[in-house]
J.: 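Below is a structure I'd like to ask you about.
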Amino acid sequence: MNLSSLLKDGAAVLKRAGIKNIHTDTQLILAAALKKDRLYVLTNPQAEASHAETNVFIENIKKRAQGCPLEYITFCAEFYSLPFYVDENVLIPRLDTEVLADAAVKKIGSSGAKVIEIGTGSGVIAVTVAKNCENAEITATDISCAALEIAKKNAAQNNVRVTFRQGDIYAALNDCDYPADYIISNPPYIKRAEIAELDKSVRCFEPEIALNGGADGLNFYRKIITGAKKYLKPSGFVMFEIGYNQALDVSEIFTNEGFADILIKNDSANLNRVIEARKNYV
Ligand code: GLN
């Protein structure tokens, strides 16, 4: 079949399934099946797809119709204008998370700071900081070996140096990785009971381990802030992404643990999205 017919049939399947951006999605799914870019698909309507390419296209259109996010079909996502490989072992990077990455990039600048990122997933935050903060020394951790393989691939793809360590929160670190000037994290922060209510595309396809923040959603904030006493320099900063309704709870944890200069930043929808605080003792 030629590309134009495949696009027409694919878009019809996605439309019946109630998918939103049917044309963009169909074009990108076809481009991925052909291992070409979207421009090729749009400018070669009469080109013929091989039997194998057509089969891959049909299978992937079916996946998309079932709600699988486009990024897990094309295996790519953009974050902070950089290209990243993603698959079902890692969370798809969210536009909201650029608020944290941007705050970190601006705060760290070219200071040559020592930075630890906890729960790096696809590596978007660590790689973005490495790319934009020339002298930063970055260690990124994750408990998932599969996620770390992806993060390593993304550091290489973006030509940056990040040290990756596998393990649970601080247990992943070696002595030489700390004390750090900054501890950054977009930890799992959804309340366990609320995971069942998430959109199907998240609930059925994204890794639960990257979402589940325990009974009240605050497990990782508690553990990271408490541990920061040991792993952060005296006046170092902790910077987190938070859920829109978690600013008060996380501020309270910071205050109880002796942190000061708490600052909250909002996302483009004007919802609380980032919180940072300074360790306030020597
Ligand atoms: N740091 C990664 C991101 O922000 C992964 C976050 C996570 O898995 N909770 O996308």
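Order of listing sets the numbers, starting from 1, for every ligand and every atom in it.
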J.: Think Lys279 forms a cation-pi with Phe259, using NZ or CZ under 6.0 Å from the six-ring centre and within 45 degrees of its axis?
T.: no
J.: List, pair by pair, the atoms of ligand 1 and of the protein that are both N or O and lie under 3.5 Å apart, giving the separation rounded to 0.1 Å.
T.:
{"residue": "ligand 1", "atom": "1 (N)", "partner": "Glu117", "partner atom": "OE2", "Å": "3.2"}
{"residue": "ligand 1", "atom": "1 (N)", "partner": "Gly119", "partner atom": "O", "Å": "3.2"}
{"residue": "ligand 1", "atom": "1 (N)", "partner": "Thr120", "partner atom": "O", "Å": "3.2"}
{"residue": "ligand 1", "atom": "4 (O)", "partner": "Asn186", "partner atom": "ND2", "Å": "2.8"}
{"residue": "ligand 1", "atom": "9 (N)", "partner": "Asn186", "partner atom": "O", "Å": "2.9"}
{"residue": "ligand 1", "atom": "9 (N)", "partner": "Ala210", "partner atom": "O", "Å": "3.0"}

J.: By salt bridge (charged side-chain N to carboxylate O under 4.0 Å, His left out), which residues pair with Glu149, not counting sequence neighbours?
T.: Lys152
J.: Mind checking the SG-CD1 spacing from Cys68 to Ile19? Nearest 0.5 Å is all I need.
T.: 10.0 Å
J.: With no hydrogens and no angle check, just 3.5 Å: does a side-chain donor-acceptor pair link Thr120 and Glu117?
T.: yes
J.: If you measure only the distance, is there a donor-acceptor pair under 3.5 Å linking the side chains of Asp87 and Tyr72?
T.: no
J.: Taking the cut-offs as 6.0 angstrom to the six-membered ring centre and 45 degrees off its axis, would you call Lys107 and Tyr182 a cation-pi pair?
T.: no
